[in-house]
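Have a look at the structure below before the remarks.
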Amino acid sequence: MADPKGFLTTGREGATSRPVGERVKDWNEVYVPGSLLPIISKQAGRCMDCGIPFCHNGCPLGNLIPEWNDYAYREDWAEASERLHATNNFPEFTGRLCPAPCEAACVLGINQPAVTIKNVEVSIIDKAWDSGNVTPQPPERLSGKTVAVIGSGPAGLAAAQQLTRAGHTVAVYERADRIGGLLRYGIPEFKMEKRHINRRIEQMRAEGTKFRTGVEIGRDIDAAKLRKRYDAVVIAAGATTARDLRVPGRELKGVHQAMEYLPLANKVQEGDFVAPPLTAEGKHVVVIGGGDTGADCVGTAHRQGAASVTQLEIMPRPGEERSAGQPWPTFPMLYKVTSAHEEGGERVYSVSTTRFEGDEDGNVQWLHLVEVEFTGGKLEQKPGTERRIPAQLVTLAMGFTGTDQDNGLVQQFGLELDERGNIARDADFATNVDGVFVAGDAGRGQSLIVWAIAEGRSAARGVDRYLAGTSALPAPIRPTDRSLMV
């Protein structure tokens, strides 16, 4: 155990954020570099080393949290990194982007602020990179088997790294011009600088993984032909079909899906543009959707110099404390103030968009909305609450409905879908097509980064068993597993 009295003597303390006025002028991560190291050992010492560590159940990766908390408390960073990597291929991603269901399940969190597990995690991995403790792990011998991975998000990268280390020759196909999937073009730089992706890609290249960018399976290469070229295929193409808003005026210029808007801002940071082709500068911006993608749009609009930013959510504002219907250790739906919300803008709850209004040139100018409430389990509009707000740029951040079926990948493979429109798979993550497996959001539906990595690791075991007859690779989850939510 780290500090037996740590949870009694040390209060919760998190990373220090840079001042709002400073950080909105650049695209660097919002936290003060190095601010965690002076405090993180004591924070790790708050871990109670519970007899039953429910944080393990909150995290689908099965992260060995009490173990690496103990090493971090003792400042044994090399051992902490080894324990961290035992279950997670990319802790620098999850330590920055995951909403930390592990903390929601922390036993200390029953009656005190939970351990800052996410901050401990990111401190360990950042220290490991700085100390040179993250090195390539090429396989001792090659199996002679080949695997194609379609998609380079966290699920695809995790599957690729596991299979490469198992000795298979792996090629990752990505339809974008750079590797990373939503990590690259869906997550703004201020949440995770892309250098973290780049150095993992270099590690994977050194281990033997091959990468093919700018290639869309289904359009550029026929999926059936790809299957013939490889001994196995892993589909990790994500759930990229965005939920749309079918109201009058949707066709007006200036109304865009979030994933039409966010990647362009990231491409500026990559050096592809001097200025984004689609910008919030000087505009009244409305973001429809109250989740993380919506918050990403809010923070991006701030940095582009929006005249105003308003975020709309159809659901009521969540509470700031656990409700009776969301008991510990489930992941509660709480009112969350992200770094983007700290930077300004207005959040409006319990409203529904009824239509968009434009000018004579077809540019959106106004958004009409109405207040709503749930009555008898049905969503009802409240009469007399209609109003309009200025809107010269609207981003739709309402989630995703499934994997892309327009590019022909599903049809060309002949894949079966489940009742939710995801690619169906069995207990080994295998589809109905021999040798074709599916991991991540393409099979699970829209989910969290920790679930994507867990899926990639588990699917890799299924592929390894298919190719070699047996496998020593870990499988932290089953396809049917779900998060601790009610």
Side-chain angles (χ1 to χ4, degrees), residues 60 145-160 162-163 168 170-176 181-182 211-244 259 399-448 451-467 471 473 475 477-482:
K145 301 293 185 178
T146 59
V147 181
V149 175
I150 303 172
S152 66
L157 292 179
Q162 293 293 95
L163 289 167
H168 308 303
V170 181
V172 178
Y173 288 84
E174 170 56 54
R175 63 181 175 181
L182 287 181
F211 295 97
R212 307 281 186 265
T213 57
V215 181
E216 184 170 9
I217 307 303
R219 286 198 172 100
D220 300 317
I221 297 178
D222 184 276
K225 292 181 179 179
L226 183 81
R227 174 66 189 93
K228 293 179 181 179
R229 287 168 52 180
Y230 290 88
D231 295 307
V233 174
V234 178
I235 300 172
T240 57
T241 302
R243 182 174 285 108
D244 211 343
M259 286 308 298
F400 302 88
T401 60
T403 194
D404 185 356
Q405 294 188 47
D406 293 335
N407 60 10
L409 183 149
V410 170
Q411 294 78 12
Q412 291 169 17
F413 271 127
L415 298 170
E416 294 178 356
L417 304 179
D418 64 20
E419 64 278 3
R420 300 176 61 196
N422 303 314
I423 299 173
R425 65 267 184 92
D426 65 14
D428 283 329
F429 293 80
T431 70
N432 61 296
V433 180
D434 181 57
V436 178
F437 297 75
V438 63
D441 290 0
R444 174 169 293 271
Q446 180 183 352
S447 191
L448 304 178
W451 282 94
I453 296 174
E455 288 246 345
R457 290 171 66 87
S458 298
R461 177 183 173 88
V463 175
D464 192 33
R465 285 178 56 182
Y466 173 80
L467 295 175
S471 178
L473 294 177
I477 61 171
R478 298 164 298 183
T480 53
D481 286 344
R482 292 295 180 264

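All figures in this text were calculated on a predicted structure; none of them were measured in a lab. Numbering of residues begins at 1 and proceeds along the displayed sequence.
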Worksheet item: Of all residues at least two apart in sequence or in a different chain, which pass the salt bridge (Lys or Arg N to Asp or Glu O under 4.0 Å) check with R478?
Response: D481
Suppose we screen for side-chain contact (heavy atoms from CB on, under 4.5 Å). Which residues come up paired with [X], at least two apart in sequence or across chains?
| X | answer |
| --- | --- |
| T146 | T169, Y230, D231 |
| N407 | R175, E216, R219, D404, L409 |
| A459 | F429, A439 |

Ignoring hydrogens, what is the shortest heavy-atom contact between [X] and [Y]? Give both atom names and the distance.
| X | Y | result |
| --- | --- | --- |
| P60 | A454 | O-CB, 3.9 Å |
| A155 | G440 | CB-CA, 3.7 Å |
| A232 | L467 | CB-CD2, 4.1 Å |
| L417 | Q405 | CD1-NE2, 3.4 Å |
| V234 | A159 | CG1-CB, 4.4 Å |
| A452 | P154 | CB-CG, 3.8 Å |

To the nearest 0.5 angstrom, please state how far the [atom1] atom of [X] sits from the [atom2] atom of [Y].
| X | Y | atom1 | atom2 | value |
| --- | --- | --- | --- | --- |
| R482 | I477 | CZ | CD1 | 8.5 Å |
| N432 | E416 | CG | CD | 4.0 Å |
| Q412 | D222 | CD | CG | 4.0 Å |
| I235 | L415 | CD1 | CG | 4.5 Å |
| F437 | S458 | CZ | OG | 12.5 Å |

Ignoring hydrogens and angles, tell me if any N or O in the side chain of [X] forms a donor-acceptor pair with the backbone of [Y] under 3.5 Å.
| X | Y | result |
| --- | --- | --- |
| T241 | G402 | yes |
| E174 | S152 | yes |
| T403 | G238 | yes |

Practice prompt. Name all pairs fulfilling the salt bridge (charged side-chain N to carboxylate O under 4.0 Å, His left out) condition that reach into residues 456-467, sequence neighbours left out, sorted by first residue then second.
Written response: D428-R465
Practice prompt. Keeping to residues at least two apart or across chains, list the salt bridge (charged side-chain N to carboxylate O under 4.0 Å, His left out) pairs with something in residues 417-426.
Written response: R425-E455
Worksheet item: Under 4.5 Å between any side-chain heavy atoms of F413 and I423, yes or no?
Response: no
